[in-house]
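All chains are named by letter (A, B, ...) in the order of the sequence lines, taking the proteins before the strands, and each is independently numbered beginning at 1.
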There are 2 protein chains.
Amino acid sequence: MDTEDKFLIGPPHRELLDQVLDKWSLSVLSELCERPCRFNELRRAIPQVTQKSLTATLRRLERNGVIEREVVSTRPVAIRYQITPLGKTLRPPVDVLLAWASENMPTITRAREAFDMREEASG
Amino acid sequence: MDTEDKFLIGPPHRELLDQVLDKWSLSVLSELCERPCRFNELRRAIPQVTQKSLTATLRRLERNGVIEREVVSTRPVAIRYQITPLGKTLRPPVDVLLAWASENMPTITRAREAFDMREEASG
DNA sequence: CAGAATCCGCAATGATACTG
DNA sequence: CAGTATCATTGCGGATTCTG
């Protein structure tokens, strides 16, 4: 009775993963796991992201409850982004995934090279 | 030495995850984990995917070495897609991820509703 | 059956400028 | 500082047609 002969992937799960594992989310979560950050701190920490994409990513992560946006009433106002308890629970799964990626990167690189060779040869 | 105070996510990892966790890959891998399949079997198993996207997904997964394409020389020829050993190693990480999604879906749904309420109220 | 080729629309992305 | 607004680009997904 191997119950788990299938990893069922429905649209809700699919959508959820798209929202929390998208291009910039992992980098943002990575930073916020270390310390709370302000907007421009994040920009500096992730130089490739544009301000537009960063804004969108932060909004999305906030909407899904994995990060929190806090307005600190100083003059001028500061904005603190920080990870939520829910957000922290995301780390183990992601770490497992990244471990897999690291571990198998060499194998995959070779697979790609082999594939590309064959392509080049035939097509 | 807490070595792992950060899930570092470089472009190579990012790209890899994009390739194996994209919209249709999980569904395809799910099917091929159960049994080898032919092209149209996969189409029937995943009704929403178009032939174009399915073709692209299969090529990408093949290139990364997680599935294998085999031409069976019958008349007419049949094409068998099957999972590779490398592909099988992808299951545990993905299962962990999906478990996380299932487990936290209610929390996330509530977070979204709360967020949308606030938006509606203010914006 | 297992695709390839083509065309199209749209949503995401990037670059740039402006604002409280 | 922390964004918003606007415009240009582009890449992906869908629909359709054709082929060995």
Separation of atom CG in B/Leu54 from atom P in D/dG14, rounded to whole Å: 11 Å
A/Glu41 (side chain) donor-acceptor with A/Arg38 (main chain) under 3.5 angstrom: yes
Same apolar cluster (I L V M F W Y, side chains within < 4.5 Å links), B/Leu16/A/Phe115: no
Under 4.0 angstrom between A/Arg38 side-chain N/O and D/dC1 OP1 or OP2: no
Inter-residue atom distance B/Ile79.CD1 - B/Cys37.SG, 0.5 Å rounding: 13.5 Å
Protein-nucleotide distance (B/Asp18, atom CG; D/dC12, atom P), rounded to Å: 10 Å
Nucleic acid contacts - residues 66-75 of chain A versus DNA chain D, non-hydrogen atoms under 4.0 Å: A/Arg69
Could you tabulate the donor-acceptor pairs under 3.5 Å formed by side-chain atoms of residues 59-66 of chain B, not counting sequence neighbours?
unit_1: B/Arg60; atom_1: NH1; unit_2: B/Gln19; atom_2: O; d: 2.8
unit_1: B/Arg60; atom_1: NH1; unit_2: B/Asp22; atom_2: OD1; d: 3.2
unit_1: B/Arg60; atom_1: NH2; unit_2: B/Asp22; atom_2: OD2; d: 3.3
unit_1: B/Arg63; atom_1: NE; unit_2: A/Asp116; atom_2: OD1; d: 2.9
unit_1: B/Arg63; atom_1: NH2; unit_2: A/Asp116; atom_2: OD2; d: 2.8
unit_1: B/Asn64; atom_1: OD1; unit_2: A/Arg112; atom_2: NE; d: 2.7
unit_1: B/Asn64; atom_1: OD1; unit_2: A/Arg112; atom_2: NH2; d: 2.8
unit_1: B/Asn64; atom_1: ND2; unit_2: B/Gln19; atom_2: OE1; d: 2.7
unit_1: B/Asn64; atom_1: ND2; unit_2: B/Arg60; atom_2: O; d: 2.8

Interatomic distance, B/Lys23 atom NZ to A/Arg14 atom CZ [nearest 0.5 angstrom]: 9.0 Å
Sugar-phosphate, base or nothing in reach of A/Lys52, heavy atoms under 4.0 Å: base
Within residues 40-51 of chain B: residues closer than 4.0 Å to DNA chain D (heavy atoms): B/Thr50, B/Gln51
side-chain hydrogen bond (donor to acceptor under 3.5 Å, both in side chains) involving A/Gln82 - partner list, sequence neighbours excluded: A/Glu70
Range on DNA chain C touched by chain B - first to last nucleotide, heavy-atom distance under 4.0 Å: C/dC1 to C/dC7
Single-linkage hydrophobic cluster, 4.5 Å side-chain cutoff, A/Val96 and A/Leu98 together: no
In one Ile/Leu/Val/Met/Phe/Trp/Tyr side-chain cluster, 4.5 Å: B/Leu58, B/Val72: no
Under 3.5 Å: donor-acceptor pair, side chain of A/Ser25, backbone of A/Leu21: no
Worked check of side-chain contact (heavy atoms from CB on, under 4.5 Å) between A/Val20 and B/Ile108: CA-CA 11 Å; A/Val20 298; B/Ile108 291 165; 5.9 Å; no
Axis bend over the full length of the helix from C/dC1-D/dG20 to C/dG20-D/dC1, computed from five pairs that close each end, to 10 degrees: 50°
Sugar-phosphate only, base, or nothing, as touched by A/Arg59 at under 4.0 Å among non-hydrogen atoms: sugar-phosphate
Same cluster (ILVMFWY, side-chain, under 4.5 Å), B/Leu26 and B/Ile46: yes
Exercise: do A/Ser53 and A/Thr50 side chains pair donor with acceptor under 3.5 Å: yes
Main-chain N/O of A/Leu86 paired with A/Thr89 side-chain donor or acceptor, under 3.5 Å: yes
